[in-house]
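The block underneath contains the structure these notes are about, expressed in structure tokens.
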Amino acid sequence: MTDKSFEGRCALVTGATSGIGRATAERLLAGGAKVVAAGRRTDRLEGLAAGHEGRVYPLTLDVTDAKAVATLPAALPKGFAPDILVNNAGLALGLGGADEADLDQWDRMIDTNIRGLVHVTRAFLPQLKALPRADVVNIGSIAGTYPYPGGNVYGGTKAFVRQFSLNLRADLLGSKVRVACVEPGMADTEFSSVRFSGDERKAAKVYEGVEALTGEDIAEVIANLLALPPHVVVNRVEVMPVQQASGPLSVSRGEG
Ligand SMILES: NC(=O)c1ccc[n+]([C@@H]2O[C@H](COP(=O)([O-])OP(=O)(O)OC[C@H]3O[C@@H](n4cnc5c(N)ncnc54)[C@H](OP(=O)(O)O)[C@@H]3O)[C@@H](O)[C@H]2O)c1
């Protein structure tokens, strides 16, 4: 039996306006934690705060804004210093081949999934390291391990997140900071709508006939990792819907 009470803890969750981040914020709130809920859509953050009197600090934040991120730890109000950091904000843009990809989309994925995550982590590590107990949970993806056509830069950013997480463990050895990389498979969130620039029909097709993961499924995995005894850390966890598996290697025969 694990202890799932997060009372006395405070989590900063990036990308708390939707999907996995929103569900994680709600799950930790349900366990008694305070939450700094970060994202660009302020109205949604305020909606979350309204439902949890005094336990949510809504933080309008674009993780690609390096200046705002660097000054963040000092700018948080008293009582909202995080001892849990959930680096969840991220996105995939497009599903085209690498030879025809839009470089702006590639840059945005790198800026958000890599640069944003690294900057937020760097900003909070000194204070996390000084605590008697702290957690960093990075949201990777199975796309960082298993290639698929059109996954090019998105998968590359998530491979970075996995390796950065493992390297953080090496740097933080001797401290009480646990670092876990949670690597979901197909989850039915706003992810595909963002990937296909708001084309909801295309997004819906991704999940057609599949019982995909939900944000709540991943939030429950995160809650379980956080509830493990403080001396136990799960470095990486891959989570897929049962209706998803990695495919065989492909071969192109003939002339081309
Ligand atoms: N869904 C999947 O199948 C799947 C699978 C594996 C991994 N993941 C990963 O899971 C994480 C969450 O995705 P999701 O599925 O929950 O998708 P989602 O519903 O689209 O949520 C993405 C979240 O990221 C935030 N975000 C995006 N860019 C941001 C920025 N520049 N600054 C701050 N926040 C930003 C969004 O908030 P705002 O727009 O309000 O800023 C939103 O809250 C991502 O890292 C994604 O790569 C998803």
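All values below were derived from every heavy atom in this structure, side-chain atoms included, with hydrogens, water molecules and symmetry-related copies excluded. It should be emphasised that the depicted structure is a prediction, and the values quoted were computed from it without experimental measurement. Numbering of ligands and ligand atoms starts at 1, following listing order.
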Does ligand 1 have any atom that is closer than 4.0 Å to a heavy atom of Ala92?
no

I'd like to know if the side chain of Glu183 pairs up with that of Tyr146 as donor and acceptor (distance under 3.5 Å, no hydrogens or angles considered).
no

Measure the distance from atom 35 (C) of ligand 1 to every protein heavy atom, then report the residue, atom name and distance (to 0.1 Å) of the closest one.
Ala89 CB, 3.6 Å

Can you tell me the protein heavy atom closest to atom 47 (O) of ligand 1 and the distance?
Tyr154 OH, 2.6 Å

Among protein heavy atoms, which sits nearest to atom 5 (C) of ligand 1, and what does the distance come to when rounded to 0.1 Å?
Gly185 O, 3.2 Å

Test your reading of the model: is there a side-chain donor-acceptor pair from Tyr154 to the backbone of Arg195, 3.5 Å cut-off?
no

Sort and list the pairs that fulfil salt bridge (Lys or Arg N to Asp or Glu O under 4.0 Å) and have at least one residue in residues 207-216, not counting sequence neighbours.
Lys205-Glu208

Within the 3.5 Å criterion, strictly below it, is a donor on Thr112 or Thr64 matched to an acceptor on the partner's side chain?
no

Quick test: of every protein heavy atom, which one is nearest to atom 36 (C) of ligand 1, and how far off is it to 0.1 Å?
Thr17 OG1, 3.8 Å

Atom CZ of Arg55 with >12 non-hydrogen neighbours under 6.0 angstrom
yes

Subset of ligand 1 atoms that lie under 4.0 Å from at least one heavy atom of Gly19:
16 (O), 19 (O)

Going by heavy atoms, is Ala23 under 4.0 Å from ligand 1?
no

Can you get from Val237 to Val233 by hopping between Ile, Leu, Val, Met, Phe, Trp and Tyr side chains that sit under 4.5 Å apart?
no

Taking both backbone and side-chain atoms of Met186, is any N or O found less than 3.5 Å from an N or O belonging to ligand 1?
no

Is it the case that ligand 1 has an N or O less than 3.5 angstrom from some N or O of Ile20?
yes

Side-chain ion pair, Lys34 and Glu7, N-O less than 4.0 Å
no

Considering only non-hydrogen protein atoms, determine which one is nearest to atom 21 (O) of ligand 1 and report residue, atom name and distance to 0.1 Å.
Ser18 OG, 3.5 Å

Distance-only, no hydrogens or angles: does the Asn88 side chain make a donor-acceptor pair with backbone N or O of Thr14 under 3.5 Å?
yes

Validation: residues 114-130 side-chain donor-acceptor distances under 3.5 Å, sequence neighbours left out:
{"from": "Arg115", "atom 1": "NH1", "to": "Asp111", "atom 2": "OD1", "distance (Å)": "2.3"}
{"from": "Thr121", "atom 1": "OG1", "to": "Asn87", "atom 2": "ND2", "distance (Å)": "2.9"}
{"from": "Thr121", "atom 1": "OG1", "to": "Leu117", "atom 2": "O", "distance (Å)": "2.6"}

Heavy-atom nearest option to atom 45 (O) of ligand 1, drawn from Thr14, Ile139, Asn88
Asn88

Distance from atom 27 (C) of ligand 1 to nearest protein heavy atom, with residue and atom:
Arg40 NH2, 3.4 Å

Below 4.0 Å from any atom of ligand 1, is there a heavy atom belonging to Lys158?
yes

Can you pull out the closest protein heavy atom to atom 25 (C) of ligand 1? Residue, atom name and distance to 0.1 Å, please.
Gly15 CA, 3.5 Å

When only distance counts, is Val63 in polar contact with ligand 1, meaning an N/O pair under 3.5 Å?
yes

Distance-only polar pair, side chains of Ser165 and Asn138, donor-acceptor under 3.5 Å:
yes

Identify which of Ser141, Gly90, Gly21, Pro184 has a heavy atom lying nearest to atom 22 (C) of ligand 1.
Gly90

Under a 3.5 Å distance rule, please check whether Asp217 uses its side chain to pair with a backbone N or O of Thr214 as donor and acceptor.
yes

Among all protein heavy atoms in this structure, tell me which lies nearest to atom 33 (C) of ligand 1, with the distance rounded to 0.1 Å.
Leu61 O, 3.3 Å

Please identify which atoms of ligand 1 are closer than 4.0 Å to at least one heavy atom of Asp62.
30 (C), 31 (N), 32 (N)

